[in-house]
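Heavy atoms only: backbone and side chains are in, while hydrogens, waters and symmetry mates are out.
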Amino acid sequence: MTQANLLELAKQGDDAAIVSVMNYVLQDRNITAQAALKGNCLLVLLKAVQVPDQKLSVTIVRKLMTHLRVPSITSVQIYGKQVGQPAPSWMEVIDLRDELEPLKPKIGFFRVLPQWWAKLLLLLALIPLGAVGV
């Protein structure tokens with residue numbers, strides 16, 4: 001399977017593809033991921049010889065999930081665990097709903113300027129008419 005196919009499956013919400021992409025991203029940090037879907041929530045367990053750094057791990061997972069923009073996943077529960085320990089050392093929940101909102105189109109100043117000028121000219125034309133009518 002090519003990397004493009006794997007990424008496309010991950011974007012469609014395939015949890016095995018998501019975990020493969022996640023493991024690819026985390027391999028340089030010697031962290032392995034396991035994941036499972038539970039409703040609209042992706043449960044992610046990150047394991048390493050040393051407890052994975054919470055802030056860095058959450059940032060990486062958030063960026064990845066924001067990039068994938070899987071519509072069916074609205075939150076991610078991330079657990080960080082040291083290999084060999086029975087329980088996770090930390091847990092954090094990411095709410096993706098705000099990040100999954102459709103991207104608002106960026107309107108440049110020069111695209112808005114003609115609309116602004118048209119409204120200003122209309123207003124300036126109506127002021128004298130309003131004064132005459134009074």
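Residues Lys11 and Pro71 come closest through the heavy atom pair O-CD, 4.2 Å. Nearest heavy atoms, Leu46 versus Ser57: CD1-CB, 3.6 Å.
Residues in residues 36-47 take part in no side-chain hydrogen bond (donor to acceptor under 3.5 Å, both in side chains) pair, two or more places apart or across chains. Residue pairs satisfying the side-chain hydrogen bond (donor to acceptor under 3.5 Å, both in side chains) criterion with at least one member in residues 20-32, sequence neighbours excluded, are absent.
Residues forming a side-chain hydrogen bond (donor to acceptor under 3.5 Å, both in side chains) with Glu92 (at least two apart in sequence, or on another chain): Gln54. Evaluation of the side chain to side chain contact (heavy atoms under 4.5 Å, CB included) rule for Ala35 yields Val19, Leu42, Val44 as partners, not counting sequence neighbours. Shown here are the side chain to side chain contact (heavy atoms under 4.5 Å, CB included) partners of Ala48, two or more places apart in sequence or in another chain: Ile31, Pro52.
The closest donor-acceptor contact from the side chain of Gln82 to the backbone of Gln50 lies at 3.5 Å or more, if one exists at all.
To the nearest 0.5 Å, the span separating CD1 on Ile78 from CD1 on Ile94 amounts to 3.5 Å. With rounding to the nearest 0.5 angstrom, the CG atom of Leu9 is 11.0 Å from the CG atom of Leu68. Note that CG of Leu96 is 8.0 Å distant from CD1 of Ile73, once rounded to the nearest 0.5 Å.
Side chains of Glu8 and Asn5 form no contact here, defined as non-hydrogen atoms less than 4.5 Å apart.
Note on Ile18: it does not cluster hydrophobically with Leu43, by side-chain heavy-atom contacts below 4.5 Å among ILVMFWY residues.
Members clustered with Leu45: Tyr79, Met91, Val93, by chain and number, using a 4.5 Å side-chain heavy-atom cutoff among hydrophobic residues.
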